[in-house]
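First the structure, in the form of structure tokens, and then the observations on it.
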Amino acid sequence: PDNLLPEKNKFKTYFDAITSLRFPLDYTEDWIKKMNPQAEKLSEVQNTCALLLKRYQALITAPRVEDFSYPSVDTPIPNLLGLLRTVKLYTTISTTRAVKGEWQEAVSDLLLQVNFARRFIPTARPLITNLIAKAVMDISLQGLVSILNHPGCPPVVYEKVIEGLTPLGYEEYGNRNSLIFECLQGFGITDEPRDSYFEKVEAFKISGFPERIFLQKNTTKNYFYDYFSRAIAFDTQEPYLWQGNPEKELRDMIESKITGFFWKLKNPYGKTIFSIMAPNIYSTIFTAYRLRCRYEMTRLLAELKLEYSPGKKVDDVLPRLKTYQWNDPFSGKPYRWNPEKKVLYSIGIDGVDNGGVENKTLKTDIIIPVVVPQEAGAASPGEE
């Protein structure tokens, strides 16, 4: 609404300041190397955003963080993009503190951010809120990886990361609460269907359908119940144990309601509501397990850095590490090491080992970069 625009614009000063910085895009970019040349600009942004950072600190240190969103399509969503910008600024400030000698303080800040996400994800209701909370943890892990890989990082920091990254439970990375929320949203729109919500969907031409008179509400709710029950069953089981293909099964559950010559003869309005409201769960499941992999491999990196010494082989050190026993949920086997690319990696949701190559699709490995002194048997720079 127009009367809320002034409230939204209150963040504009902070938003403009933060977006003047250029943050790393993913784990392939070192956070410290990317942000160090922007130190002068960072100082300006930090001063401009002092009040924002103070309030953000109060948020992540609050004794209780919980989502109370009502399950309705009209539920307002907070300025989540603004939150992500703040997380990136906070992470930059933390990594900058590290290279100035405040290693333990910097890691404590990032672990505080990780723990905030761990506490919030189990209560997150809308899927978008859940995904943003996961992004908070992911960005924090990027900062931790950059600190762990820095040549000046002291061993006490490795120990602090190992101590701080305790085993991640399903509720701390999964989607169950949000999937239940999405199902309840489907129930709500079924109970009170609104043509205005669907009128832009030309494929179904809902507006004006006489079939609305014969909407079978309980049948439609069962569509949502069956779909989200199946989604939760996949989400709560490690992918290597799946008996079936969730991408195909969930897609087929939707398409089966709106395909075929006679689909409009029974409950067409309910089927259309379901087909529009049912979200893409497969990518959401991938995001959850990718986060778990990143988290566990970050801890594994800290253990490796603590135990590794020049002249050893990483492959010889890894089996002795505790986190190496926390198997990759996509393979059911330990995370893998590519000595040429210098990455720890998971084989990803497609179950195919691409040798530690990560891309922006779902058919990708999931990597964590590792900086170690030259391994035994490795070629020196310039050697064939």
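The first residue in the sequence is number 1, and the count goes up from there.
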Side-chain touch Ile180/Ile232, heavy atoms, less than 4.5 angstrom: yes

Closest non-hydrogen atom pair, Leu306 against Pro155: CD1-O, 4.0 Å

Intermediate values then yes/no, side chain to side chain contact (heavy atoms under 4.5 Å, CB included), Lys363 and Val352: CA-CA 8 Å; Lys363 296 181 178 181; Val352 177; over 6 Å; no

Distance-only donor-acceptor check, side chains Asp353 and Tyr345, under 3.5 Å: yes

Val114 to Ser140 - nearest heavy-atom pair and separation: CG2-CB, 3.6 Å

Salt bridge flag under 4.0 Å for residues Lys41 and Glu44: yes

Verdict with supporting geometry, Glu105 and Arg97, salt bridge (Lys or Arg N to Asp or Glu O under 4.0 Å): CA-CA 8 Å; Glu105 294 83 354; Arg97 291 184 70 186; 5.1 Å; no

Joint hydrophobic cluster, Ile273 plus Val73, side-chain heavy atoms closer than 4.5 Å: yes

Side-chain donor-acceptor contact under 3.5 Å, Gln113 with Thr91: yes

Trace of the side chain to side chain contact (heavy atoms under 4.5 Å, CB included) decision for Trp242 with Ile285: CA-CA 12 Å; Trp242 286 344; Ile285 295 173; 3.7 Å; yes

Nearest heavy-atom neighbours spanning Leu362 and Ile349: O-CG2, 3.3 Å

Residue pair Arg118 / Tyr295: nearest heavy atoms and the distance that separates them: NH1-OH, 2.7 Å

Ring centers of Phe224, Phe274 separated by less than 6.0 Å: yes

Gln216 side, atom CD; Tyr223 side, atom OH - distance, nearest 0.5 Å: 6.5 Å

Aromatic plane relationship, Phe11 with Tyr14 - under 30° parallel, 30 to 60° tilted, over 60° perpendicular: perpendicular

Identified side-chain contact (heavy atoms from CB on, under 4.5 Å) counterpart of Val45 within the set Leu21, Thr19, Asp16: Leu21

Heavy-atom pair of closest approach, residues Leu111 and Gly164: CD1-CA, 4.1 Å

CG on Leu165 to CG on Asn115, rounded to 0.5 Å: 8.0 Å

Check against salt bridge (Lys or Arg N to Asp or Glu O under 4.0 Å), Lys360 and Asp26: CA-CA 10 Å; Lys360 301 299 183 182; Asp26 53 39; 3.3 Å; yes

Ring-face cation contact, Phe234 with Arg230, 6.0 Å cut, 45° max: yes

Tyr170 ring center near Tyr173 ring center (under 6.0 Å): yes

Nearest atoms (heavy-atom pairs only) where Glu182 meets Pro279: OE1-CG, 4.5 Å

Basic-acidic side-chain contact under 4.0 Å: Asp138, Arg290: no

Straight-line distance of Met277 CE to Thr190 OG1, nearest 0.5 Å: 8.0 Å

same_hphob_cluster(Tyr335, Val371) at 4.5 Å side-chain heavy-atom cutoff: no

Polar contact flag, side-chain donor to acceptor under 3.5 angstrom, Tyr225-Asn218: no

same_hphob_cluster(Trp326, Tyr324) at 4.5 Å side-chain heavy-atom cutoff: no

Verify same cluster id: Leu250, Phe181 (apolar side-chain graph, 4.5 Å): no

For Ile132, the option from Ile121, Ile77, Leu127, Leu83 that meets side-chain contact (heavy atoms from CB on, under 4.5 Å): Leu83

Single-linkage hydrophobic cluster, 4.5 Å side-chain cutoff, Phe120 and Ile128 together: yes

Under 3.5 Å side-chain donor-acceptor pair for Lys33 and Asn149: no

